[in-house]
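In this text, all values refer to a predicted model and were calculated from it rather than measured experimentally. The first residue of the sequence shown is numbered 1, and numbering continues consecutively from there.
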Amino acid sequence: MASKNKSALHEKKGVSQPETTSESSAQKIKKSRSKQPTTDQFVSHILKGDITFLSRAITLVESTNLKHQQKANEILERCLPYANNSVRIGITGVPGVGKSTFIESYGKHLTSQGKKVAVLAIDPSSSVNKGSILGDKTRMEILVTDTNAFIRPSPSGTSLGGVAQKTRESIILCEAAGFDTIIIETVGVGQSETAVHSMVDFFLLLKIAGAGDELQGIKRGIIEMADAIVINKADGDNVQKAKIAKSEFNRALHLYPPKESKWQPKVLTCSALNHNGITEIYTLINEYLNLTKENRFFNKRRNEQNIYWLKATIEQQLKDSFYAQKNVKKQLSEELENLEKGLTTPFNAAKKLLDLH
């Protein structure tokens with residue numbers, strides 16, 4: 001009987017002990033995952049080009065959590081001395097123009113030249129459920145496997161221009177991680193052209209022939225910002241249409257006065273799918289960089305962009321601070337109700353709210 005009891009006791013121990021060990025192991029894993037690396041660890045790994053830490057740092061930058069934002073600011077400040085050593089290229093165009101295919105083809109060309117490429121792709125956020133597909137990694141299935149490339153899709157959130165609010169900070173982190181070419185892809189809607197233009201060195205507008213939007217090239221704003229126009233999908237039956245579109249855009253470009261950079265924007269054709277014309281675009285961008293660095297426009301533009309982003313950051317933080325106040329939240333709810341009932345005007349309601357600040 002004693003032997004049976006002893007045996008049962010051993011069996012109980014045998015059963016219970018692995019469970020305890022298993023629980024303990026699970027707790028350790030959970031604890032290690034929830035433990036946030038220190039600022040020193042983040043910076044050290046980012047400077048070594050560690051993609052995992054770079055991704056986690058960008059996630060902190062994009063977070064709305066105040067603790068995350070504080071740590072992100074510490075990381076950014078420490079990484080800043082190692083930034084600003086890249087070429088920043090903005091690529092925009094209407095949906096369906098082939099931006100992802102073009103970036104993959106151009107990115108592969110860059111990595112074949114020994115370059116390290118970071119792609120910051122902005123996906124539109126739904127105004128209904130606030131979600132984003134973030135499918136750029138799927139669309140760039142070849143580039144994503146390249147060890148010298150990093151693709152980071154981010155939601156545009158509430159940004160009107162189709163550029164994530166934190167793209168500017170993400171550029172700094174990618175540069176600190178050793179990426180010498182940063183490509184920013186926008187959704188190509190709204191004010192995205194203006195937003196991306198304010199953070200890049202070279203601005204490329206992608207177009208397609210035969211889509212009925214050739215006359216869009218005559219619109220002043222987009223042409224004035226573009227450093228090059230590339231007619232994509234110049235293959236098959238589209239080759240002749242692309243040549244005609246190229247001539248039309250060239251005529252439109254000559255209607256405008258010379259740029260401050262002294263650069264004359266060019267129009268090229270390419271087939272990103274067949275990798276035709278990519279080398280010519282690479283040469284063109286290098287010509288632009290050589291010219292603007294020689295005449296010092298490159299540095300002047302970078303300084304102007306820093307001033308722009310300083311003011312934009314102040315405005316954003318003032319806005320966030322204003323709406324975060326409890327009395328503003330309460331009064332805003334009341335004013336919205338009064339507006340619905342027709343008891344006030346938007347201007348009077350705004351004045352009341354601003355007087356609270």
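Of the possible donor and acceptor atoms, one in the side chain of K266 sits under 3.5 Å from a partner among the backbone N and O of Q264. Distance alone, capped at 3.5 Å, is enough to place a donor-acceptor pair between the D180 side chain and the K116 backbone. Formation of a donor-acceptor pair under 3.5 Å by the S44 side chain with backbone atoms of Q41 is not found in this model. For the pair W263 (side chain) and D227 (backbone), a donor-acceptor distance under 3.5 Å is present. Checked by atom type and distance alone, the side chain of N274 never pairs as donor or acceptor with a backbone atom of N276 at under 3.5 Å. A donor-acceptor distance shorter than 3.5 angstrom exists from the side chain of Y288 to the backbone of D201, with no hydrogens or angles considered. The main-chain N or O of K166 is found under 3.5 Å from a side-chain atom of S170 such that the two form a donor-acceptor pair. At least one donor-acceptor pair under 3.5 Å links the side chain of E175 to the backbone N or O of N84. Listed for the H68 side chain is no donor-acceptor partner under 3.5 Å among the backbone atoms of T64. At least one donor-acceptor pair under 3.5 Å links the side chain of R152 to the backbone N or O of S55.
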Would K115 and Y282 count as a side-chain contact (heavy atoms from CB on, under 4.5 Å) here? Give the steps. CA-CA 12 Å; K115 303 287 186 184; Y282 175 74; 4.0 Å; yes

Go through the steps to decide whether I184 and I89 satisfy the test side-chain contact (heavy atoms from CB on, under 4.5 Å), and finish with yes or no. CA-CA 6 Å; I184 303 167; I89 301 170; over 6 Å; no

Evaluate the side-chain contact (heavy atoms from CB on, under 4.5 Å) criterion for residues V97 and F102: first the C-alpha distance (whole Å), next the side-chain angles of each, then the deciding distance (0.1 Å), finally the verdict. CA-CA 9 Å; V97 77; F102 174 81; over 6 Å; no

Derivation of the salt bridge (charged side-chain N to carboxylate O under 4.0 Å, His left out) call for E304 and K300: CA-CA 6 Å; E304 288 172 350; K300 183 178 182 290; 2.6 Å; yes

Begin with the C-alpha distance, continue with both residues' side-chain angles, and end with the deciding distance and a verdict on side-chain contact (heavy atoms from CB on, under 4.5 Å) for F202 and R88. CA-CA 7 Å; F202 188 92; R88 304 165 184 172; over 6 Å; no

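Between K67 and K71, every side-chain heavy-atom pair lies at or beyond the 4.5 Å cut-off. Here the side chains of L291 and S261 are not in contact, with every heavy-atom distance at 4.5 Å or above. Side-chain contact check for P265 versus I229: every heavy-atom pair is 4.5 Å or farther apart. Here the side chains of I46 and D50 are not in contact, with every heavy-atom distance at 4.5 Å or above. Annotation: side chain of L332 is not in contact with side chain of K329 (no heavy-atom distance under 4.5 Å). Using a 4.5 Å cut-off on side-chain heavy atoms (C-beta onward), L204 and V230 make contact. Side-chain atoms of Y106 and L110, non-hydrogen and from C-beta on, do get closer than 4.5 Å to each other. Using a 4.5 Å cut-off on side-chain heavy atoms (C-beta onward), L289 and F298 make contact.
Distance check, rounded to the nearest 0.5 Å: SG of C270 to CD1 of I281 gives 4.0 Å. Once rounded to the nearest 0.5 Å, the distance linking CE of M199 with CZ of R301 reads 11.0 Å. Remark: F249 CZ to T269 OG1 distance equals 12.5 Å, nearest 0.5 Å. With rounding to the nearest 0.5 angstrom, the CZ atom of R302 is 12.0 Å from the CZ atom of F297. Remark: I231 CD1 to K207 NZ distance equals 8.0 Å, nearest 0.5 Å. The CG atom of L206 sits 9.0 Å away from atom CD of E185, with the distance rounded to the nearest 0.5 Å.
Contact between S86 and I182 at its shortest, heavy atoms only, is OG-CG1, 3.4 Å. Between L54 and C174 the shortest heavy-atom distance is CD1-N, 4.0 Å. Between P346 and L339 the shortest heavy-atom distance is N-CD2, 3.5 Å. The two residues G93 and K99 come nearest to each other via the heavy atoms O-NZ, 2.9 Å. Listed here is the closest heavy atom pair of N232 and G98: ND2-O, 3.6 Å. When all heavy atoms of V61 and E169 are compared, the closest pair comes out as CG1-CB, 3.7 Å.
Between the side chains of T92 and T186, at least one donor N or O sits under 3.5 Å from an acceptor N or O. Neither side chain, N290 nor E294, offers a donor N or O lying under 3.5 Å from an acceptor on the other. A donor-acceptor pair shorter than 3.5 Å can be found between the side chains of D235 and S271. Checked by atom type, the side-chain pair S198/Q305 shows no donor-acceptor distance below 3.5 Å. Side chain to side chain, N73 and R78 fail the donor-acceptor criterion of an N or O pair below 3.5 Å.
Under a hydrophobic-cluster definition in which Ile, Leu, Val, Met, Phe, Trp and Tyr are linked whenever side-chain heavy atoms come within less than 4.5 Å, directly or via other members, L273 and M140 are assigned to different clusters. L336 and L343 fall into different hydrophobic clusters, where Ile, Leu, Val, Met, Phe, Trp and Tyr residues are linked whenever their side-chain heavy atoms come under 4.5 Å apart, directly or through other members. In this structure, Y308 is a member of the same hydrophobic cluster as F203, with clusters built from ILVMFWY side-chain heavy atoms closer than 4.5 Å. Note on L253: it does not cluster hydrophobically with I244, by side-chain heavy-atom contacts below 4.5 Å among ILVMFWY residues. By the criterion of side-chain heavy atoms lying less than 4.5 angstrom apart, applied directly or through intervening Ile, Leu, Val, Met, Phe, Trp or Tyr residues, V267 is grouped together with Y256 in one hydrophobic cluster.
Of the residues T111, I151, V117, the one that meets the side-chain contact (heavy atoms from CB on, under 4.5 Å) test with D146 is T111. Applying the side-chain contact (heavy atoms from CB on, under 4.5 Å) test between K351 and each of L354, L353, D355 identifies D355 as the sole match.
Comment: E334 does not engage K352 in a salt bridge, judged by the lack of any side-chain N to carboxylate O separation of less than 4.0 angstrom. Electrostatic pairing of K108 and E104 does not count as a salt bridge here, judged by no charged N lying under 4.0 Å from a carboxylate O.
A 6.0 Å sphere centred on OH of Y82 holds no more than 12 heavy atoms belonging to other residues, nucleotides or ligands. Other residues, nucleotides and ligands contribute only 12 or fewer heavy atoms inside 6.0 Å of the CG atom of D237. Atom NZ of K262 has 12 or fewer neighbouring heavy atoms from other residues, nucleotides or ligands inside a 6.0 Å radius. No more than 12 heavy atoms of other residues, nucleotides or ligands shown are found within 6.0 angstrom of CD on E77.
Using bins of under 30°, 30° to 60° and over 60° for the plane-to-plane angle, the ring pair H45/F53 lands in the parallel bin.
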